[in-house]
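Structure record follows, encoded as structure tokens.
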Amino acid sequence: MAFRAFFALPAEKFSTDDGQVTNAVYGFASMLINLLKAEEPSHVAVAFDVARHSFRTEEYPAYKDGRGETPEEFKTQIPIIKELLDALGIAWLTKENFEADDIIATLAARGEAEGLSTLISSGDRDAIQLVNGAVTLLYPVKGVTELKRYTPEEVEEKYGVTPDRYRDLAALVGEKADNLPGVPGVGPKTAAKWIVKYGSLDGLVEKADELPGKAGQSLRDHLDDVLRNHRLNKLVRDLELESGIPELAWEGWSVAETNRLFDALQFRALGERLNANLADKAVGAAPVPVAETERVDAAALVPGGLADWLAGCEGTVALAYTGTFASGAGSFDSIALAEGGRALWFDPSQLDAEDERSWIDWLADPAKAKVVHDAKAFLWGADAAGWPEVAGIAADTVLGAYLLKPEQRSYALGDLAMQFLGRELATAETPADDGALVGLDAAMNDGAAQVEADAAAAAAIGEIAAVQAERLEQRHQEHLAGAMEYPLAAVLARMEIIGIAADEGHFADIESGFAAQSKEATDRAHEIVGRSFNIGSPKQLQEILFDELDMPKTKRTKTGYTTNADALQQLFAKTGHPLLEQLLRYRDVEKLKQIVTTLRSTIQTDGRIHTTFFQTVAATGRLSSTDPNLQNIPVRSEAGRAIRAGFVVSSGFESLMTIDYSQIEMRIMASLTGDEGLIEAFVQGEDIHRAVAAKVFAVAPGEVTAEHRRKIKAMSYGLAYGLSTYGLSQQLGVSTQEAQQLSDEYFARFGKVRDYLHRVVEEARKTGYTETIMGRRRYFPDLTSDNRQVREMAERAALNAPIQGSAADIMKTAMLGVDRALRTEGLASRVLLQVHDELVCEVAPGEADRLESLVREQMSNAATLAVPLTVSAGFGESWEAAAH
DNA sequence: GGAGGAACGTA
DNA sequence: CGTACGTTCCTCCA
């Protein structure tokens with residue numbers, strides 16, 4: 001039943017913050033609670049298999065062969081289910097060398113002997129043989145909560161034979177899941193017909209010689225299989241068990257223990273269901289009363305009512321909004337406010353002057369605490385609506401959920417309601433049935449349902465924020481939430497609203513330049529091949545390169561052989577074929593063309609590009625940028641840098657300033673590892689790679705060659721990513737032996753770095769997570785996977801997460817400091833972009849020096865490490881010109 | 001029209 | 001057989 005639940009419920013929706021999947025536990029518990037409530041049993045027991053091995057595999061080694069490996073995510077849930085059963089006061093049994101069904105068969109037989117009536121809930125059809133007047137099978141139809149009752153009559157109706165003959169039928173038909181082949185060509189219909197006609201399998205076997213036709217011959221040919229199946233599918237009814245029937249009496253469930261367990265599993269609805277349905281069987285502390293439902297008194301605004309409503313608020317107000325929001329702007333359709341069981345709904349475009357004034361005052365008042373779901377889009381809308389200031393945002397449920405579970409893909413309100421409150425969110429289409437509507441005639445008003453749904457959303461946001469606050473506190477992440485992520489949303493909103501000025505003419509120029517080169521490369525390639533083809537199609541390229549031109553095969557991909565730039569380069573080195581040059585040139589220039597085309601299309605009417613920074617996408621804590629992504633604008637090639645020249649200073653400002661951390665991740669590594677050699681290299685070294693190379697190769701810094709430095713640089717950077725010896729050798733173009741030797745020498749000199757990297761992974765395996773210097777967590781359930789590839793990927797991610805994540809923490813802290821300082825110092829300069837370790841700012845006239853020292857100060861003091869946080873800055877008319 | 005893969009840009 | 005992302009194009013499928 002647990003296994004069925006595992007496949008019936010989506011794992012993504014049932015897992016705890018720390019990555020423990022709970023879908024099987026949840027489904028099993030849910031089914032069990034239903035059963036306990038509906039059937040009111042006097043005695044209950046749950047049987048488990050011990051292992052796949054049993055007396056059946058001894059007789060027939062291929063028994064259950066062909067089943068895949070039991071998924072790791074399922075295995076880890078079994079001990080939890082046993083814990084759950086303990087908390088529920090329900091006995092659970094196992095028996096070495098036997099299967100769970102044998103235990104069930106034994107208990108059913110004993111119950112029958114004692115005159116009890118027995119219910120079996122099992123997803124294994126073998127249990128059908130146990131059905132009789134005193135024994136009923138509840139067999140899952142769909143998922144695990146819908147069960148079909150099999151009495152002897154039901155069995156006969158469905159299978160055409162009585163339960164005591166079911167084994168005969170199963171032996172003939174076979175059981176694919178157990179790897180027990182039956183008689184080919186004989187299905188349940190023929191089998192039932194034979195059994196009815198000859199009374200039993202024994203009767204049938206006696207007359208096997210007389211059976212006509214193909215089916216008869218088939219039976220004769222496979223008689224041994226059938227007899228084997230029949231022996232194996234017999235459940236054992238007389239096992240010796242540790243517990244007799246008296247020990248299985250169900251006395252009730254422990255309130256304290258189930259609360260503790262459900263809390264740990266982050267189940268909310270189940271505890272309430274236990275309370276509501278099985279209160280009379282609760283043991284221990286009085287059951288917690290059923291929690292207040294989402295009933296909210298929702299009122300649509302009557303003119304002048306907003307001021308009164310807001311004046312009546314004493315605590316934190318939860319705010320839900322609807323509307324259209326994109327690229328640093330937006331407009332509201334509705335806003336709903338909820339506080340203490342009452343809610344107010346309004347269309348902000350319809351406010352009268354008095355309401356609008358009190359609304360704007362309330363928004364700007366930092367003492368009026370607000371919680372929202374996605375503050376950033378709200379801030380865009382507020383800016384577009386002309387509400388000058390929004391202060392007092394005490395929590396954002398999207399960001400809270402991200403800190404608790406940074407790998408999650410969606411933080412939609414409905415998902416969070418399920419995750420944190422254990423309930424579905426009411427919508428206009430499926431309203432909560434107990435909702436009450438005040439101030440509106442709910443009866444036939446279409447809008448009423450919407451009002452109520454929005455009010456319920458606001459109320460849910462408040463509740464979610466409360467649950468999150470508790471969990472964040474347990475993890476000591478209140479500071480990370482309240483002093484970093486929540487206030488950072490406002491900083492990002494300002495950056496997005498401002499945008500960065502684009503030089504459309506410049507973009508247009510280089511776009512046509514790239515387009516011409518792209519066309520030329522395409523034409524040349526067609527010429528060389530002697531016909532036209534789609535140069536952008538890897539599939540067609542493969543045909544041409546590997547079939548027609550018979551070039552050596554490259555590394556495999558899922559769909560064939562790679563044609564990526566690395567591979568094309570290597571092919572060119574081997575073959576010198578002129579086509580490869582054109583392909584590489586095409587790829588290069590076409591990519592640049594596409595980037596410019598996209599950038600042009602995102603320039604808004606204000607002549608600026610307004611990206612969106614996502615704060616909840618990267619599991620490490622970094623930001624991401626979309627629509628367009630301004631964190632991956634080319635910089636490495638000269639042609640690429642021409643694109644950066646199109647991001648320019650706007651009128652009213654004197655220049656752009658770029659300012660970045662130098663080698664921040666290596667510095668963090670030096671600090672976290674405490675490696676004296678590396679720290680020393682940073683404290684004194686002008687050129688860190690040269691300093692490290694000098695130590696590794698035991699030469700004076702002045703004698704370090706370019707080749708030494710290049711190798712060390714690759715090695716140093718690779719460390720933080722878990723680069724393997726093989727990977728290092730590939731990157732440096734040397735043998736693995738040489739890469740191994742380099743690695744050995746490196747670690748001989750910087751031993752603490754290796755110790756640290758091992759320690760991080762070890763620790764993560766123990767606790768399940770890694771932590772950054774500011775307490776941001778990332779969980780790694782895959783570290784214990786049986787699959788080597790999966791496990792090793794998790795190991796690399798785990799050793800990178802604290803380094804990349806700490807760098808993200810530091811930059812976020814710096815951005816908050818810069819934002820605060822700009823405002824208190826009254827500078828007009830502003831931050832436009834963040835590119836992980838770099839900020840791009842727009843410098844107001846005469847502010848260059850003050851801005852630089854202010855930002856430098858904030859960036860270098862954002863954290864105290866064992867090494868200095870070095871920052872470098874440059875100024876110019878464009879992003880390219882401001883490079884340094 | 002959507003999904004998935006390949007490719008490639010950044011830190 | 002190096003982490004973290006987003007975008008684009010092509011291909012396949014419904």
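Source: prediction; values computed, not measured. Quick note: numbers below take in every heavy atom, side chains included, and nothing from hydrogens, waters or symmetry partners. Lettering of chains follows the sequences in order, A, B, ..., and the numbering in each one begins at 1.
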Review point. For E511(A) and dT8(C), what is the distance between atoms CD and P respectively, to the nearest whole Å?
Key: 13 Å
Practice item. Given side-chain hydrogen bond (donor to acceptor under 3.5 Å, both in side chains), test T611(A) with S625(A) step by step and report yes or no. Key: CA-CA 6 Å; T611(A) 185; S625(A) 157; 2.8 Å; yes
Review point. Once you round it to whole Å, what is the distance between C1' of dA4(C) and OH of Y717(A)?
Key: 15 Å
Side-chain polar contacts of residues 755-762 of chain A - donor-acceptor pairs under 3.5 angstrom, sequence neighbours left out - could you list them?
{"residue": "H758(A)", "atom": "ND1", "partner": "R754(A)", "partner atom": "O", "Å": "3.4"}

Practice item. Establish, yes or no, whether the cationic atom of R778(A) lies under 6.0 Å from the six-membered ring centre of Y769(A) and within 45° of the ring axis. Key: no
Practice item. Scan R778(A) against the nucleic acid and name what it touches under 4.0 Å (heavy atoms): base, sugar-phosphate only, or nothing. Key: sugar-phosphate
Check your understanding: Do the non-hydrogen side-chain atoms of Y586(A) and R524(A) ever get within less than 4.5 Å of each other?
Key -> no
**Study point:** Between dG4(B) and dG2(C) - P atom distance, rounded Å
**Key:** 25 Å
Review point. Looking only at side-chain N and O atoms, does T598(A) come under 4.0 Å of OP1 or OP2 in dT7(C)?
Key: no
Point to revise | Residues E638(A), R641(A): salt bridge by 4.0 Å N-O rule | key: no
Check your understanding: In whole angstroms, how far is the P atom of dG2(C) from the CE atom of M669(A)?
Key -> 16 Å
Check your understanding: Of all the choices, dC5(C), dG2(C), dT7(C), which nucleotide is nearest to the side chain of T626(A) once you look at every atom?
Key -> dT7(C)
Review point. Which of residues 725-754 of chain A have a heavy atom under 4.0 Å from DNA chain C?
Key: Y726(A), G727(A), Q731(A)
Exercise for review: Starting at the 5' end of nucleotides 6-11 of chain B, put B wherever the base has a protein heavy atom under 4.0 Å, S where only the sugar-phosphate does, and a dash everywhere else.
Suggested key: SSBBBB
Review point. For S625(A) and dG6(C), is the shortest distance between a side-chain N/O and OP1 or OP2 below 4.0 Å?
Key: no
Exercise for review: Take atom CG of L719(A) and atom P of dG2(C), then tell me their distance rounded to the nearest Å.
Suggested key: 13 Å
Please tabulate, one pair per line, each protein N/O and nucleotide N/O from nucleotides 12-14 of chain C that are separated by under 3.5 Å, including the distance.
{"residue": "dC12(C)", "atom": "OP1", "partner": "K539(A)", "partner atom": "NZ", "Å": "3.3"}

Check your understanding: Could you state the interatomic distance from OH (Y661(A)) to CZ (R667(A)), rounded to the nearest 0.5 Å?
Key -> 11.0 Å
Check your understanding: Would Y746(A) and F750(A) count as a close aromatic pair, with their ring centres under 6.0 Å?
Key -> yes
Practice item. Grab the CD-C1' distance between Q594(A) and dG6(C) for me, whole Å please. Key: 13 Å
Practice item. Tell me what A619(A) touches on the nucleic acid: a base, only sugar-phosphate, or nothing, going by heavy atoms under 4.0 Å. Key: sugar-phosphate
Point to revise | By side chain to side chain donor-acceptor pair (under 3.5 Å) - contacts of S410(A) (at least two apart) | key: D415(A)
Check your understanding: Contact class for M793(A) vs. all strands (heavy atom < 4.0 Å): base, sugar-phosphate, or nothing?
Key -> sugar-phosphate
**Study point:** L541(A) CG - dC10(C) P separation (whole Å)
**Key:** 11 Å
**Study point:** Minimum heavy-atom distance between F546(A) and T562(A), given as atom pair plus value
**Key:** CZ-O, 4.0 Å
Study note, to complete from the structure: For F507(A), the ring pair (Phe, Tyr, Trp, His ring centres under 6.0 Å) test, sequence neighbours excluded, returns F647(A)
Review point. Heavy atoms under 4.0 Å, any strand shown: does G718(A) hit a base, just sugar-phosphate, or nothing?
Key: nothing
Exercise for review: Measure from CD on E792(A) to P on dT3(C) and round the result to the nearest Å.
Suggested key: 11 Å
Review point. Any side-chain donor-acceptor pair under 3.5 Å between S724(A) and R796(A)?
Key: no
Review point. Separation of M811(A) atom CE from dA4(C) atom C1', in whole Å?
Key: 15 Å
Practice item. Answer whether the closest heavy-atom distance between the side chains of T554(A) and D566(A) falls below 4.5 Å. Key: no
